Peer 1: 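Got a structure for you, written out below as C-alpha cells; questions coming shortly.
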Amino acid sequence: MTTLAELDWQTYNEMVTAPDSIIFLPIGALEQHGPHMSMNPDVLIPQAIAGQVCCHLDNAMVAPPITYGYKSQQQSGGGNHLPGTTSLDGITLTQTIRDVIKEFARHGARRIVMMNGHYENSMFVVEGIDLAIRELGWAGVDDINVMILSYWDFVGDTTIERLYPDGFTGWDLEHGGVLETSLMLHLYPHLVDMSKVVDHEPAMFPPYDMFPVNPELTPPSGTLSSARNASREKGKILMDVCVGGIAHAVREKFQSSPAVSALETGVA
C-alpha cells in the first residue's frame with residue numbers, strides 16, 4: 001500500500017500526474033460503537049480496506065482519512081446525543097470534501113475513490129463531489145472522475161446468509177453489531193473487548209424520526225444490535241469480500257488491465 005502522506009512531494013508528483021493514478025480518500029466519523037469497541041471503526045475499517053484494495057491496483061495511493069463525519073442519527077448510529085460522538089455540520093463536511101477534491105485535482109489527480117465508512121456521510125459527500133466537479137469545470141478541468149462507495153454495499157446475499165444464519169436485521173441496525181465488530185476483531189483486535197458486549201434484541205424504532213430525539217429509544221449500550229456472534233473469522237470473510245468487490249469495481253471503471261485476481265470476483 002502506498003500512503004500519500006508518507007511520500008515526499010516529488011515522488012507524489014510523479015505518481016499523481018501519471019495517467020492511471022488513483023487516490024483513495026477514506027471518510028469516517030468519531031462515533032460511539034458500544035462499550036466493547038473503540039470509537040473509530042468508521043475511520044479504521046475503510047482505511048484498511050482502501051489500503052488492501054490498492055495492493056490489487058496499479059499506481060494507487062491512500063490519502064489521510066477524514067476522521068469526523070456528519071451527525072450520528074438515532075436509527076442508524078444511536079444518536080448524536082451520546083458521549084464521544086463528535087460530529088460536523090453537513091455544510092462543513094460538504095465543503096471539506098469539495099476543497100480536498102479540488103486540491104487533488106490541482107495536483108493532477110483525475111481519478112478519485114471516496115471510501116465511505118459512516119452511513120450518515122453519504123449525501124454530504126455526494127454534494128461535495130458535485131460542487132467540486134462543477135467548480136473545476138468552471139476552471140477548465142473537465143476530465144475528473146470520482147467514485148463514491150460504502151464498503152458494506154459489497155456484502156451480498158450469499159455472504160449475509162453465511163454470516164447471519166439466524167436472520168439479518170438490516171444494515172440500519174448493524175451499528176456496533178456483527179459486521180463492524182467482526183471487521184475490527186480481524187483488523188484491530190486490541191480495540192475490541194468481547195467481554196463487554198451487551199447482548200440485546202435489535203433496537204425498535206417507529207417509521208419516522210422526531211427532533212429533538214428521545215434518548216430512551218436508543219439502547220443503553222449505544223449499539224443497535226448485538227455483537228455477540230461477531231468473530232475474527234467472520235471479519236476475514238467480510239474483508240475478503242469487500243476488498244475483492246471494490247478492487248474489481250475500481251479496476252473496471254478506472255484501469256484497463258485485463259489481469260483480475262481470483263479474489264476480484266465481484267460482490268459475494
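Keep in mind that this is a model prediction, so the values were computed, not measured.
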Peer 1: His107 vs Tyr12 aromatic rings, parallel, tilted or perpendicular, using cut-offs 30° and 60°?
Peer 2: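 Perpendicular, since the angle between the ring planes exceeds 60°.
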Peer 1: Using the salt bridge (charged side-chain N to carboxylate O under 4.0 Å, His left out) rule, collect all pairs that involve residues 59-79, keeping only residues at least two apart or in two chains.
Peer 2: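 The answer is Lys71-Asp89.
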Peer 1: Flag yes if Phe154 and Val250 sit in one hydrophobic cluster, no otherwise; membership is Ile, Leu, Val, Met, Phe, Trp, Tyr, and two members link when side-chain heavy atoms are under 4.5 Å apart.
Peer 2: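 Yes: a chain of side-chain contacts under 4.5 Å links Phe154 to Val250.
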Peer 1: Which heavy atom of Arg228 sits nearest to which heavy atom of Met194, and what is that distance?
Peer 2: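 Residues Arg228 and Met194, closest heavy atoms: O-CE, 4.1 Å.
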Peer 1: When rounded to the nearest 0.5 angstrom, what distance separates NE2 in His186 from OG in Ser231?
Peer 2: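 The NE2 atom of His186 sits 11.0 Å away from the OG atom of Ser231.
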Peer 1: Over 60° means perpendicular and under 30° means parallel, so classify the ring planes of Phe168 and Tyr164, tilted if in between.
Peer 2: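 Aromatic pair Tyr164/Phe168 classed tilted.
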Peer 1: For the hydrophobic clusters of this structure (ILVMFWY residues joined by side-chain heavy atoms under 4.5 Å, transitively), does one cluster hold both Phe254 and Leu149?
Peer 2: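 Yes; tracing contacts between hydrophobic side chains, which count when under 4.5 Å, links both residues.
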Peer 1: Does any N or O in the side chain of His118 come within less than 3.5 Å of the main-chain N or O of Ile27, such that one atom is a donor and the other an acceptor?
Peer 2: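 A pair under 3.5 Å: no.
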Peer 1: Can you tell me how far CD1 of Ile45 sits from CG of Leu183, rounded to the nearest 0.5 angstrom?
Peer 2: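 Rounded to the nearest 0.5 Å, the CG-CD1 separation comes to 4.5 Å.
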Peer 1: Tell me whether Glu31 contacts the main-chain N or O of Asp42 through its side chain, where contact means a donor paired with an acceptor under 3.5 Å.
Peer 2: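 Side chain of Glu31 to backbone of Asp42: no pair is present.
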Peer 1: Do Met1 and Leu25 share a hydrophobic cluster (ILVMFWY, side-chain heavy atoms under 4.5 Å, transitive)?
Peer 2: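 No, Met1 does not connect to Leu25 through the hydrophobic network.
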Peer 1: Is the closest basic N to carboxylate O distance between Arg134 and Asp130 below 4.0 Å?
Peer 2: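 No, Arg134 and Asp130 are not salt-bridged.
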Peer 1: When you group the ILVMFWY residues by side-chain heavy-atom contacts below 4.5 Å and let the links chain together, are Met114 and Val43 in the same group?
Peer 2: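 Different clusters: Val43 never reaches Met114 through Ile, Leu, Val, Met, Phe, Trp or Tyr contacts under 4.5 Å.
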Peer 1: For Val62, does its backbone N or O pair with a side-chain atom of Gln47 as donor and acceptor, under 3.5 Å?
Peer 2: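 The answer is no, because no donor-acceptor pair under 3.5 Å joins these two groups.
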Peer 1: Hey, does the side chain of Ser21 reach the backbone of Thr17 with a donor-acceptor pair shorter than 3.5 angstrom?
Peer 2: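 Flag not set: sc Ser21 to bb Thr17 has no pair under 3.5 Å.
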Peer 1: When clusters are formed from ILVMFWY side-chain contacts under 4.5 Å, directly or step by step, what else is grouped with Leu224?
Peer 2: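 Taking Ile, Leu, Val, Met, Phe, Trp and Tyr as members, Leu224 shares its hydrophobic cluster with Leu173, Phe205, Leu217.
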Peer 1: Output the distance between atom CD1 (Ile144) and atom CD1 (Ile129), rounded to the nearest 0.5 Å.
Peer 2: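 So the gap between those two atoms works out to 9.5 Å.
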Peer 1: Is there a donor-acceptor pair under 3.5 Å between the side chain of Glu233 and the backbone N or O of Ile237?
Peer 2: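 Between the backbone of Ile237 and the side chain of Glu233 there is no qualifying donor-acceptor contact (under 3.5 Å).
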Peer 1: Would you mind reporting whether Ile112 and Val100 have side-chain heavy atoms less than 4.5 Å apart?
Peer 2: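 Not in contact.
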Peer 1: Can you label the angle between the Trp152 ring and the Tyr119 ring as parallel, tilted or perpendicular, going by 30° and 60°?
Peer 2: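 Trp152 vs Tyr119 ring planes: tilted.
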Peer 1: Group every Ile, Leu, Val, Met, Phe, Trp and Tyr by side-chain heavy-atom contacts under 4.5 Å, then state whether Met115 and Phe124 land in the same group.
Peer 2: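 No.
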Peer 1: Can you check whether Glu127 reaches Ile97 side chain to side chain, under 4.5 Å on heavy atoms?
Peer 2: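 No, their side chains stay 4.5 Å or more apart.
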Peer 1: Kindly compute the distance separating NZ (Lys253) from CZ (Arg111), expressed to the nearest 0.5 Å.
Peer 2: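 Between atom NZ of Lys253 and atom CZ of Arg111 there are 13.0 Å.
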Peer 1: Do side-chain atoms of Thr223 reach the backbone of Gly177 as a donor and acceptor pair under 3.5 angstrom?
Peer 2: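 Absent.
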Peer 1: Assess the side chains of Gln32 and Thr85: does a donor N or O sit below 3.5 Å from an acceptor N or O?
Peer 2: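 Result is no, nothing qualifies.
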Peer 1: Does the Glu103 side chain pair with the main chain of Asp99, one donor and one acceptor, at a distance under 3.5 Å?
Peer 2: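 Answer holds: no.
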